[in-house]
There are 2 protein chains.
Amino acid sequence: MGLLIQSNFDPKEQQINISITGNKRQRLKQQNQLTLIKAALDCIAELGVRQTSVSEIIQRAGLSRGMIHLHFGGKDQLLIAAGHYASKLYYDHLETQLLGVNDCPQKIIEAVVRSDLSPAVLNQHNVNIWYAFRGEARHFKDIVSFSDTRDPRLRKLVSNAYQRLAIQNEALQPEQARALAKEATYGTLCLMEGMWTDYLLHTDSFDRHKALRIIMRFQAALFPAYFNLDGAIPTKDQ
Amino acid sequence: MGLLIQSNFDPKEQQINISITGNKRQRLKQQNQLTLIKAALDCIAELGVRQTSVSEIIQRAGLSRGMIHLHFGGKDQLLIAAGHYASKLYYDHLETQLLGVNDCPQKIIEAVVRSDLSPAVLNQHNVNIWYAFRGEARHFKDIVSFSDTRDPRLRKLVSNAYQRLAIQNEALQPEQARALAKEATYGTLCLMEGMWTDYLLHTDSFDRHKALRIIMRFQAALFPAYFNLDGAIPTKDQ
DNA sequence: TGTTAGTATGGACGCTCGTCCATTTTATGC
DNA sequence: GCATAAAATGGACGAGCGTCCATACTAACA
């Protein structure tokens, strides 16, 4: 069974399967749903929310007008499903990056940051989509949940790693260690967010290497024993 | 003469005066323009871009339908003018905060951060507006310029202050000092951006004191001689 | 192979959008 | 106080929106 994404449409099928399974009929249905989701995301990325219309989506999907209503109940629900899908892609990439990492806290944190800044995740397409949803987040409650990179999953992953580093420092009281870990988590995630905004507004001059270096610097300042700046070498080109 | 904001409407009057001056006729005109701008911002903050329509704006402004076209040439140009106005308010607040500060680099940087995090600037209304514009930034070129907190003005202000701190450190080569100042500027601005995103997505649990403290911590790590964590006391409540 | 039920189609619908302009109002300067 | 031009008004307009549904298709199963 594949991962599921939520839809608010038919209560009987509140979840739409993202993986393509079942007999031919089910496969075609799921394929069309995915096509619609991807078309919607392309639309948002290229044209923005304001210009993303049902006509635009179905034209890109090459499917018929009625399918949005049929499969998602309406345009808004399709957009919500698309948001969940985009969020899923973010975490899918993170998980693949975490696979090659042993249980070492520094490596986990580094993998999170590297994944967040990697070209596969941090690119024009995704940044456009993310900020488009966030622009509507406050007025479209369902969107908040997935427009947050730092949702509880990610936060907990990073927080746990920092906790483990902090308690290794015998000079700190347990409570001090907890406080340090909290601040490190907050700062790291804020920096990651800030980098995305930088990418949105200064795409042409954005430098992944520099971005990674700044975050490493912050970590090195809080945990001098565990991080050094030499790690700040990009995984791939630009 | 007051500050001016740009409009793309009539080439003969490419700028719309924000200050209220001149005879009665001019004052009324400027007042109505400002009313429209404020109504548009309220709309965006409360309803989002998607629901911000001409009808909604003029209803809130209590003015007639045709005024948007008359004064701004169309809805989009009004929104652009509104964006410039919002940006102006940000810098106006910053300037008042800088007035009481002498030429000390640390104090300047602290004033920038405190202003950015102050309730007068970082609040639901403004965050909604800022992210609404950013959501359209990529597809609405005119918007990029003012949706950027870190526009050249702010960047230069912070950068110059850090430069002055860095060159005071005699242990650093001039080039190292420059690099340090650049990283400090980048990191500080990214953290500020990250805090705004945190506010957007976690308004209820957002803590200005904690946010300020993290930024101070980053600064203290890069300039241990000039920043300490005790400065992290909020100017007001919340 | 025939029946059925799940899926797909695309046009019609009512509605709201932003624009524009003929008309009215009103401050200004002679 | 009158003539003038600037500013304000609000309804009409066509275009485009999202929704919905009568109809057509087709995979599944007996």
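The analysis underlying the following values was restricted to heavy atoms, covering all of them including side chains, and did not include hydrogens, waters or symmetry mates. Here is how names work: the chains are called A, B, and so on, in the same order as the sequence lines, proteins then strands, and each is numbered from 1.
We find that CG of A:L78 is positioned 14 Å from C1' of D:dT19, with the value rounded to whole Å. Rounded to whole Å, atom C1' of C:dG18 lies 16 Å from atom CZ of B:F72. One atom, NE2 of A:H71, and another, C1' of D:dT19, lie 16 Å apart when rounded to the nearest Å. Put simply, NZ on A:K29 is 12 Å from C1' on C:dA8, counting in whole angstrom units. Whole-Å rounding puts the B:Q31 CD to D:dA7 P distance at 14 Å. If you measure from atom CD1 of A:I58 to atom C1' of C:dA8, you get 13 Å, rounded to the nearest angstrom. Nucleotide C:dT7 holds its P atom 14 Å from the CG atom of A:L36, rounded to whole Å. Residue B:K75 contributes atom NZ, which lies 8 Å from atom P of C:dT19 at whole-angstrom precision.
Listed by chain and residue number, B:N160 satisfy the side-chain contact (heavy atoms from CB on, under 4.5 Å) test with B:K156 (two or more places apart in sequence, or in another chain). Residues meeting the side chain to side chain donor-acceptor pair (under 3.5 Å) test with A:D103, sequence neighbours left out: A:R164. Judged as a side chain to side chain donor-acceptor pair (under 3.5 Å), and not counting sequence neighbours, the contacts of A:R50 are B:D76. For A:S115, the side chain to side chain donor-acceptor pair (under 3.5 Å) test picks out A:H93, with sequence neighbours left out. In this structure B:Y131 satisfies the ring pair (Phe, Tyr, Trp, His ring centres under 6.0 Å) test with no other residue, sequence neighbours excluded. Every residue meeting the side chain to side chain donor-acceptor pair (under 3.5 Å) condition with B:S55, not counting sequence neighbours, appears here in chain and number order: B:R65. Residues satisfying the side-chain contact (heavy atoms from CB on, under 4.5 Å) criterion with A:V112, sequence neighbours excluded, are A:L94, A:L154, A:L157, A:V158, A:M192.
For A:H69 and D:dC20, the shortest distance from a side-chain N or O to OP1 or OP2 is below 4.0 Å. For A:S53 and D:dC17, the shortest distance from a side-chain N or O to OP1 or OP2 is below 4.0 Å.
Using a 4.5 Å heavy-atom threshold, the side chains of B:Q97 and B:S118 count as separate. Annotation: side chain of A:Y186 is in contact with side chain of B:M195 (closest heavy-atom distance under 4.5 Å). Side-chain contact between B:I80 and B:F140 is present, with heavy atoms from C-beta onward closer than 4.5 Å. For the pair A:R138/B:Q124, a side-chain contact is recorded, criterion being any heavy-atom separation below 4.5 Å from C-beta on.
Among D:dA8, C:dG18, D:dC17, the nucleotide with an atom closest to any side-chain atom of B:L70 is D:dA8.
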Polar-atom pairs under 3.5 Å, protein N or O versus N or O of nucleotides 22-24 of chain D: list them with distances, or write none.
none

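For the segment residues 59-67 of chain B, residues with any heavy atom less than 4.0 angstrom from an atom of DNA chain C are, sorted by number, B:R65, B:G66. For the contact set between residues 42-50 of chain B and DNA chain C, defined by any heavy atom under 4.0 Å, there are no members.
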Taking only distance into account, with no hydrogens and no angle test, what donor-acceptor pairs under 3.5 Å do side-chain atoms of residues 37-48 of chain A form with protein atoms, sequence neighbours excluded?
unit_1: A:D42; atom_1: OD1; unit_2: A:H125; atom_2: NE2; d: 3.0
unit_1: A:E46; atom_1: OE1; unit_2: A:R60; atom_2: NH2; d: 3.2
unit_1: A:E46; atom_1: OE2; unit_2: A:R60; atom_2: NH1; d: 3.4

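When the nearest nucleotides of DNA chain C are assigned to B:S55 and A:N32 by heavy-atom distance, the more 5′-ward of the two goes with A:N32.
For NZ of A:K75, the number of neighbouring non-hydrogen atoms (other residues, nucleotides, ligands) closer than 6.0 Å is greater than 12.
Geometric assessment of B:K182 against the ring of B:Y162 yields a negative cation-pi assignment under the 6.0 Å and 45° thresholds.
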Reading 5' to 3' through nucleotides 24-30 of chain C, protein heavy-atom contacts under 4.0 Å coded B for base, S for sugar-phosphate only, - for none: --BBS--
